[in-house]
A.B. asks: 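Questions regarding the structure given below will be posed in turn.
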Amino acid sequence: MRILVVGAGQAGAHVLRQLQKNPSLTIITCSPHQEPYAVQKGVIPKVDIQEALTPLTLAYVLAKAEPDLILLTSASEDFGLGTAAGVDVMVDSLKRELASMSRVPLIEVARGSR
C-alpha cells in the first residue's frame, strides 16, 4: 500500500514514526518546506515531493505519488495563506475541497494537544 503523508511538521513526524513500524508500506511525503520538523529530527531523510497541496496542485501530486491513501497532517501555515483572521476557516474549506476532489481516500489527521 502506498500512503502519501502531506505535512512533515510535528503531527506529520508522529504519523510517519507510526507508519514506519510497518515495512510493507510505501510512504511518500509531501511538504512545501525543504527541511520540515520530520527532516530536522531525522524521522525522514528528505521530503519526497516539495509542494503545497492545494486544489491547483492536487492532480500533479497524485500523479507523482500514485497513493492508495492520503493522510493530511498539514498545519494551517503550510497552506501559505498568512495569518489573517479567518485563515483557519479558509484552510478548513480547502481541506474539505481536497477531500472531495481526490480520487483516493483522504483522511485529515487531527492534531491533538500534548
A.B. asks: Establish whether Leu16 and Tyr37 are linked, either directly or via other cluster members, by ILVMFWY side-chain heavy-atom contacts under 4.5 Å.
C.D. replies: no
A.B. asks: Once salt bridge (charged side-chain N to carboxylate O under 4.0 Å, His left out) is applied, what residue pairs with a partner in residues 59-69 remain, sequence neighbours excluded?
C.D. replies: none
A.B. asks: When rounded to the nearest 0.5 angstrom, what distance separates CG in Leu19 from CE in Met1?
C.D. replies: 10.0 Å
A.B. asks: Taking only residues two or more places apart in sequence or in another chain, which ones pass side chain to side chain donor-acceptor pair (under 3.5 Å) with Arg2?
C.D. replies: none
A.B. asks: Sequence neighbours left out, what passes side chain to side chain donor-acceptor pair (under 3.5 Å) with Gln34? Give chain and number order.
C.D. replies: none
A.B. asks: Specify the closest pair of heavy atoms between Leu53 and Thr57, including all atoms of both residues, with the distance to one decimal.
C.D. replies: CA-OG1, 3.5 Å
A.B. asks: With sequence neighbours excluded, give me every salt bridge (charged side-chain N to carboxylate O under 4.0 Å, His left out) pair touching residues 17-36.
C.D. replies: none
A.B. asks: Within this structure, what is the OG1-CD distance for the pair Thr73 and Gln10, rounded to the nearest 0.5 Å?
C.D. replies: 11.0 Å
A.B. asks: Determine the minimum heavy-atom distance between Leu98 and Pro55, stating which atoms define it.
C.D. replies: CD2-N, 3.6 Å
A.B. asks: Under 3.5 Å, which donor-acceptor pairs link side chains of residues 102-110 to any protein atom two or more places apart or in another chain?
C.D. replies:
residue: Ser102; atom: OG; partner: Val104; partner atom: N; Å: 3.2
residue: Ser102; atom: OG; partner: Val104; partner atom: O; Å: 2.7
residue: Glu108; atom: OE2; partner: Lys95; partner atom: NZ; Å: 3.0

A.B. asks: List in chain and number order the residues that pass salt bridge (charged side-chain N to carboxylate O under 4.0 Å, His left out) with Lys46, two or more places apart in sequence or in another chain; answer none if no residue qualifies.
C.D. replies: Asp48
A.B. asks: For Gln50, does its backbone N or O pair with a side-chain atom of Ser31 as donor and acceptor, under 3.5 Å?
C.D. replies: no
A.B. asks: What are the two closest heavy atoms between Cys30 and Leu4, and how far apart are they?
C.D. replies: CB-CD1, 3.8 Å
A.B. asks: Which atom names give the shortest non-hydrogen contact between Ala38 and Ala13, and what distance separates them?
C.D. replies: CB-CB, 3.9 Å
A.B. asks: Check Ile3, Leu71, Ile27, Val43 against Val15 for a side-chain contact (heavy atoms from CB on, under 4.5 Å) and give me the one that passes.
C.D. replies: Leu71
A.B. asks: Quick check for you: to the nearest 0.5 Å, what is the distance between Thr29 atom OG1 and Ile44 atom CD1?
C.D. replies: 4.0 Å
